[in-house]
Amino acid sequence: PQIAGSNVHTTNSTTTAKEMEESSILESLQQWCLTLGGDSPSWASTVGAACASAYVAGQLVPSLGHWDPMTGISETERSMGCAVALLCTLSSSSCTTTTTASGLLWPAIHKGMSYAPGALLSSASSSPSWIKADYVTRGLVLLESGCRLGVLSGLGNGELVIDQNQQMMPPPPTIEGLLQKAVDFILQHIKALTTWETVAVHNDVERRGGATRSNATQRVSSKFASH
């Protein structure tokens, strides 16, 4: 007979084993990163900062040269952004260096998000051009990856303060302004997608009848999820 709760125990054991394996892999990667510069442990962090900046500028992955809402960012670019954030994290986790992953990532994130106002302005014109929107998108990937890794702090942007109940206080103005740019850009992107899909759905329904509406709605949902 099966013991009550045995499935929970097995699941927890499996989760713990997986976490231990992931931790071991990350530790090995960290040691490898720190040996890349020979006797200079700061070499890897210097490369990490340079890679973050180059990534936002589109110099690490071949780009189409023109960004549009339907194409968005490629899986290759997204994977590269995640890898760059991980490199910054691993290269700054040594006790022999005072550099932090947050300090390596923030300049590149700010660089990408600085183009958000121009991208928004150009996207709202009668002939949307989305100027430098690819820079903004790559900056958002670094922001997302840094948050997922739990390495972004308020370094250089004001402190992220936790109150006595362990609840984060409102972010400093610099970070709040950056996040506002990110939200505005994402909302404009969604608006552009809905406009394009609405026209496409209307034309499709007109041609083939109301039965296609459900399929078209599914396409809209999947398009949002992939972006």
Side-chain angles (χ1 to χ4, degrees), residues 52-53 55-58 61 63-82 84-85 102 105-154 156-158 160-161 167-205 212-227:
S53 179
Y55 168 73
V56 169
V61 179
S63 176
L64 297 177
H66 174 70
W67 190 93
D68 69 82
M70 291 306 302
T71 303
I73 188 171
S74 68
E75 285 300 320
T76 302
E77 284 186 299
R78 178 174 292 278
S79 297
M80 178 61 74
C82 294
V84 168
S102 184
L105 289 171
W106 272 127
I109 294 172
H110 277 291
K111 178 180 179 181
M113 297 312 302
S114 67
Y115 293 102
L120 290 173
L121 184 63
S122 63
S123 70
S125 64
S126 57
S127 180
S129 54
W130 294 90
I131 297 173
K132 298 291 186 180
D134 53 334
Y135 281 60
V136 182
T137 307
R138 287 188 287 266
L140 283 172
V141 171
L142 290 185
L143 178 62
E144 177 191 355
S145 300
C147 289
R148 288 182 180 276
L149 290 168
V151 297
L152 286 180
S153 68
N157 302 280
L160 297 177
V161 181
Q167 299 296 316
M168 192 174 78
M169 301 291 285
T174 303
I175 296 179
E176 192 170 13
L178 182 144
L179 294 178
Q180 185 62 57
K181 291 178 182 177
V183 171
D184 290 342
F185 180 83
I186 292 172
L187 289 176
Q188 184 67 11
H189 187 184
I190 292 175
K191 181 180 179 181
L193 286 174
T194 55
T195 300
W196 186 92
E197 284 289 354
T198 298
V199 173
V201 168
H202 175 74
N203 292 339
D204 197 22
V205 171
T212 62
R213 189 179 302 277
S214 177
N215 291 335
T217 301
Q218 292 178 5
R219 289 203 307 273
V220 173
S221 299
S222 63
K223 178 60 67 175
F224 289 162
S226 65
H227 285 68

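Positions are given from 1 along the sequence.
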Sequence neighbours excluded, the answer for salt bridge (Lys or Arg N to Asp or Glu O under 4.0 Å) partners of Glu144 is Arg78, Arg148

Residue set satisfying side-chain contact (heavy atoms from CB on, under 4.5 Å) with Val61, at least two apart, ordered chain then number -> Thr76, Glu77, Met80

The reported gap from OG in Ser114 to OH in Tyr135 (rounded to nearest 0.5 angstrom) is 10.0 Å

Rounded to the nearest 0.5 Å, the NZ atom of Lys191 sits from the OG1 atom of Thr194 at a distance of 8.0 Å

Review point. Under a 4.5 Å cut-off applied to non-hydrogen side-chain atoms, are Trp106 and Leu178 in contact?
Key: yes

Taking every heavy atom of Ala116 against every heavy atom of Lys181, the minimum-distance pair comes out as CB-CB, 4.0 Å

Correct closest heavy-atom pair for Ser145 and Ala85 would be CB-CB, 3.5 Å

For Tyr55, the ring pair (Phe, Tyr, Trp, His ring centres under 6.0 Å) test, sequence neighbours excluded, returns none

Taken to the nearest 0.5 Å, the spacing of Leu143 CG from His110 NE2 works out to 9.5 Å

On a heavy-atom basis, the closest approach of Val151 and Ser102 is O-CB, 3.2 Å

The side chain to side chain contact (heavy atoms under 4.5 Å, CB included) partner of Ile109 among Leu152, Leu140, Val141 is Leu152

Rounded to the nearest 0.5 Å, the CZ atom of Phe185 sits from the CH2 atom of Trp130 at a distance of 5.5 Å

One should read off an interatomic distance between Ser122 OG and Lys132 NZ, to the nearest 0.5 angstrom, of 11.5 Å

Distance col, row Leu120:CG vs Ile131:CD1, nearest 0.5 angstrom, shows 11.5 Å

